[in-house]
Amino acid sequence: MPPAAAVVGRSIMKAFRHLATQDLHTRRVEEAYRVVVECVTAVDPAMRLYMFGSTAVYGVHEKGSDVDFVALSETDVEDGKGEDAATQVAKGLQAEFLGKLAKVVRQKHFSWNVEEVRRTRVPVIRVKGGGGVDFDITANRRNGVRNSALLRAYFEQDPPCRWLSMGVKRWSKRVGLNASVVGGSITSYGFNLMVVYYLLQRGALQFIPPTAIDVAKVAPVPPYLPLEPPQNDGVELGDQVLDFLQFYMHEFDAAHHVVSLSRPGITTKEQLNWTKDAEDRARMNGEKINYQWCIEDPYELNLNVGRNVTPLKRDFLRKHMDKARETALLTST
Ligand code: GTP
Ligand code: MG
Ligand code: MG
């Protein structure tokens with residue numbers, strides 16, 4: 001028997017009690033924003049800087065979370081619903097700009113660790129800065145800004161749902177399912193898509209067409225969205241967490257269905273041609289693409305955010321979800 005909702009909710013609230021004494025205001029990362037803007041301007045004064053990722057999605061900055069930045073040209077912003085180019089040429093140009101940017105960052109902040117990552121699907125520079133704020137910088141890609149704005153628009157419909165998302169993210173990192181830890185396979189972004197899909201299936205949120213999100217209408221520094229403590233001593237939160245686990249363990253048909261925010265209702269693997277056959281053939285940067293646990297990216301064409309979930313990792317996911325009911329997302333032990 002899993003514990004009662006009230007017990008689960010209270011346990012999760014306790015795990016986040018440090019947030020009550022923390023300044024969660026997004027102004028805490030504005031300093032980092034200014035520093036990066038200065039470097040970007042030195043390379044190309046016409047480029048604009050946007051913040052995305054968790055700070056944008058939640059409208060708060062949690063200590064320890066990295067900050068995601070992207071440098072966009074004026075045209076990228078004006079054509080704010082445009083598709084991102086996925087060609088090698090585009091990737092090369094992005095890497096070139098980021099190379100120059102990395103040089104400037106190193107010159108201006110010689111004690112920082114600046115790493116250029118080229119082998120990933122998207123070229124990125126990883127900066128481990130002073131003051132405990134780490135950040136990633138990409139170039140000329142709107143999709144991160146758009147997917148973060150989409151997730152935020154969903155959480156704005158029901159701001160307390162951010163607790164479910166934060167609880168799931170914390171748990172995924174601690175049990176090693178999150179791609180940010182060694183052996184993990186689903187990014188925080190992927191877990192957020194799962195959270196919102198679950199809420200949509202339950203009718204707790206209204207569907208938003210991804211095409212509605214326009215970068216030209218998104219603020220470069222995300223506005224603060226105060227995070228109130230869960231209502232009713234966490235009873236609803238506990239209920240939601242147990243129901244989320246129930247949904248993915250027993251209702252979501254992982255063999256045939258896809259977690260998707262691209263269209264309302266059910267999306268099948270068949271529909272996307274994410275089949276056994278495609279799985280046998282598909283490769284990305286030489287690595288196998290799995291269609292075991294499917295999460296459709298709302299903006300990238302034909303991209304499974306769950307592509308690294310092998311059959312073994314899918315079994316881990318199920319086992320950890322099963323345990324999470326008893327441990328209140330690993331907060332009670
Ligand atoms: P934390 O950094 O863990 O606090 O969470 P986060 O909400 O910032 O999520 P994460 O760092 O995983 O993702 C930030 C952004 O990176 C997302 O908005 C996506 O644009 C991008 N991203 C992360 N993972 C993936 C992925 O698997 N596929 C794609 N297409 N984009 C991803
Ligand atoms: Mg992040
Ligand atoms: Mg990041």
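The model shown is predicted, which means the values in this text are computed figures rather than measured ones. Read the numbers this way: they start at 1 and go in the same order the structure lists the ligands and their atoms.
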Applying salt bridge (Lys or Arg N to Asp or Glu O under 4.0 Å), run through Glu83 and Arg141 and close with a yes or a no.
CA-CA 9 Å; Glu83 262 174 45; Arg141 295 187 41 90; over 6 Å; no

Does atom 21 (C) of ligand 1 have a protein non-hydrogen atom under 4.0 Å from it?
no

So, applying side-chain contact (heavy atoms from CB on, under 4.5 Å) with His61, which one of Thr55, Asp23, Leu24 is it?
Thr55

Near Gly144, which atoms of ligand 1 are under 4.0 Å from a heavy atom of that residue?
18 (O), 20 (O)

Measuring from non-hydrogen atoms of Ser148 to any atom of ligand 1, is the shortest distance under 4.0 Å?
yes

Nearest to atom 15 (C) of ligand 1, what protein heavy atom do you find, and at what distance?
Phe52 CE1, 3.6 Å

Please state whether Glu62 comes within less than 4.0 angstrom of ligand 1, counting heavy atoms only.
no

Please list the nearest protein heavy atom to atom 29 (C) of ligand 1 with its residue and the distance rounded to 0.1 Å.
Arg121 NH2, 3.4 Å

Quick check: of its N, O or S atoms, which one does Asp68 have closest to the Mg ion (ligand 3)?
OD1

For atom 14 (C) of ligand 1, the closest protein heavy atom turns out to be Asp68 OD2, 3.6 Å

Is there a heavy atom of Val57 sitting under 4.0 angstrom from any atom of ligand 1?
no

Atom 17 (C) of ligand 1: which protein heavy atom is closest, and how many Å away?
Asn147 OD1, 3.7 Å

Enumerate the atoms of ligand 1 whose separation from the nearest heavy atom of Asp297 is less than 4.0 angstrom.
29 (C), 30 (N)

The Mg ion (ligand 3) - closest N/O/S atom in Asp66:
OD2

Residue, atom and distance of the protein heavy atom nearest atom 2 (O) of ligand 1 read Asp66 OD1, 2.8 Å

Kindly confirm or rule out an N or O of Ser65 lying under 3.5 angstrom from an N or O of ligand 1.
yes

Please round to the nearest 0.5 Å and tell me the distance separating atom CG of Leu303 and atom CG of Leu272.
11.5 Å

Between Asn178 and Ser172, is any side-chain donor less than 3.5 angstrom from a side-chain acceptor?
yes

Validation row, ring centre Tyr58 to ring centre Trp163 under 6.0 Å:
no

Atom 8 (O) of ligand 1: closest protein heavy atom, distance to 0.1 Å, is Ser54 N, 2.9 Å

Nearest protein heavy atom to atom 24 (N) of ligand 1, by residue and atom, and its distance?
Thr187 OG1, 3.0 Å

Check Leu200, Leu199, Val195 against Tyr154 for a side-chain contact (heavy atoms from CB on, under 4.5 Å) and give me the one that passes.
Leu200

What do we get for Leu303 next to ligand 1 when only non-hydrogen atoms under 4.0 Å count, side chain, backbone, both or neither?
side chain

Taking the six-membered ring for Trp, are Tyr197 and Tyr248 parallel (under 30°), tilted (30 to 60°) or perpendicular (over 60°)?
tilted

Could you name the option among Tyr299, Tyr189, Tyr58 that has the heavy atom nearest to atom 12 (O) of ligand 1?
Tyr189

Would you please say whether a donor-acceptor pair under 3.5 Å links the side chains of Asn192 and Ser165?
yes

Can you tell me if Asp136 has an N, O or S atom under 2.8 Å away from the Mg ion (ligand 2)?
no

If you scan protein heavy atoms around atom 5 (O) of ligand 1, the nearest is Ser188 CB, 3.3 Å

Take the angle between the ring planes of Phe69 and Tyr33 and call it parallel below 30°, perpendicular above 60°, tilted in between.
tilted

So Glu296 and Lys269, salt bridge (Lys or Arg N to Asp or Glu O under 4.0 Å) or not? Walk me through it.
CA-CA 10 Å; Glu296 184 179 15; Lys269 292 187 188 182; over 6 Å; no

Polar contact flag, side-chain donor to acceptor under 3.5 angstrom, Asp277-Thr275:
no

Cluster check Leu317, Tyr189: I/L/V/M/F/W/Y, side chain < 4.5 angstrom:
yes

Judging by distance only, is a nitrogen or oxygen of Asn143 under 3.5 angstrom from one on ligand 1?
no

So, Gln22 and Glu62: side-chain donor and acceptor under 3.5 Å apart, yes or no?
no

